[in-house]
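Below is one structure, written out as structure tokens; comments come after it.
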Amino acid sequence: MKTKIILGLVATAGAWLLANPQAQPAAGSEERRLIDSLEGQALYREYCAVCHGESGKGDGPMSHALKAQPADLTRIAARNGGKYPLEKVERVISGESAIEAGHGTREMPLWGPIFSQIAWDQDLGRVRILNLAKYIEKLQRP
């Protein structure tokens, strides 16, 4: 009888956690609660600005605590012959592509797994990455 009650409680708790993913405890240091917005600017402010700064120049409040200075995201196009490499930026954000040599160790989190950490949310993870990359494109300056 006790076993049935315990199994029932476990099943109920599991169903509740699946229905309420924001309530799930972080299983690893990389898991984070996602904000509800898919908007690039909101994603940038929540996940990037702390290191890269509000303006994208690499001067966020945590930048001084890192081993390597965060990249100046406003100069990506300038460093790429004046053309913003949208697909390359998406691959770097998602972790599918390594950050260029000379960057130092990869302290930047791999946002692809974080943005897609919930099984039913895989497609929205790609949308988040695309919207974030497009927002960074708006930060470009000559």
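Side-chain atoms are counted along with the backbone in the values below, which use heavy atoms only and exclude waters and symmetry mates.
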Nearest non-hydrogen partners of [X] and [Y], listed with the distance:
| X | Y | value |
| --- | --- | --- |
| S63 | C51 | CB-O, 3.7 Å |
| L86 | L130 | CD2-CD1, 4.1 Å |
| R128 | I35 | NH2-O, 4.4 Å |

Salt bridge (Lys or Arg N to Asp or Glu O under 4.0 Å) with R75: which residues, sequence neighbours excluded?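 Counting only residues at least two positions away or on another chain, R75 forms no salt bridge (Lys or Arg N to Asp or Glu O under 4.0 Å).
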Stepwise side chain to side chain contact (heavy atoms under 4.5 Å, CB included) check, R126 with S94: CA-CA 8 Å; R126 296 304 308 174; S94 70; 3.8 Å; yes
Could you list all the side-chain hydrogen bond (donor to acceptor under 3.5 Å, both in side chains) pairs where at least one residue sits in residues 130-142, not counting sequence neighbours?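 Listed by first then second residue: D72-R141, T74-R141.
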Report yes if some heavy atom in the side chain of Y44 is under 4.5 Å from a heavy atom in the side chain of L139; otherwise report no.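 Counting from C-beta outward, Y44 and L139 do come under 4.5 Å.
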Hey, could you give me each pair passing salt bridge (charged side-chain N to carboxylate O under 4.0 Å, His left out) that has a residue in residues 50-66? Not counting sequence neighbours.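 Pairs touching residues 50-66 that pass the test: R45-E54.
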Side chain H52, main chain G60, donor-acceptor under 3.5 Å: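 Not at all, since once roles are kept as given, no pair shorter than 3.5 Å links the two residues.
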Which residues satisfy the side-chain contact (heavy atoms from CB on, under 4.5 Å) test with P85, sequence neighbours excluded?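 Per chain and number, P85 pairs via side-chain contact (heavy atoms from CB on, under 4.5 Å) with I76, N80, K88, V89.
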From CG (L132) to CG (L43), nearest 0.5 Å: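 L132 CG to L43 CG: 6.0 Å, rounded to 0.5 Å.
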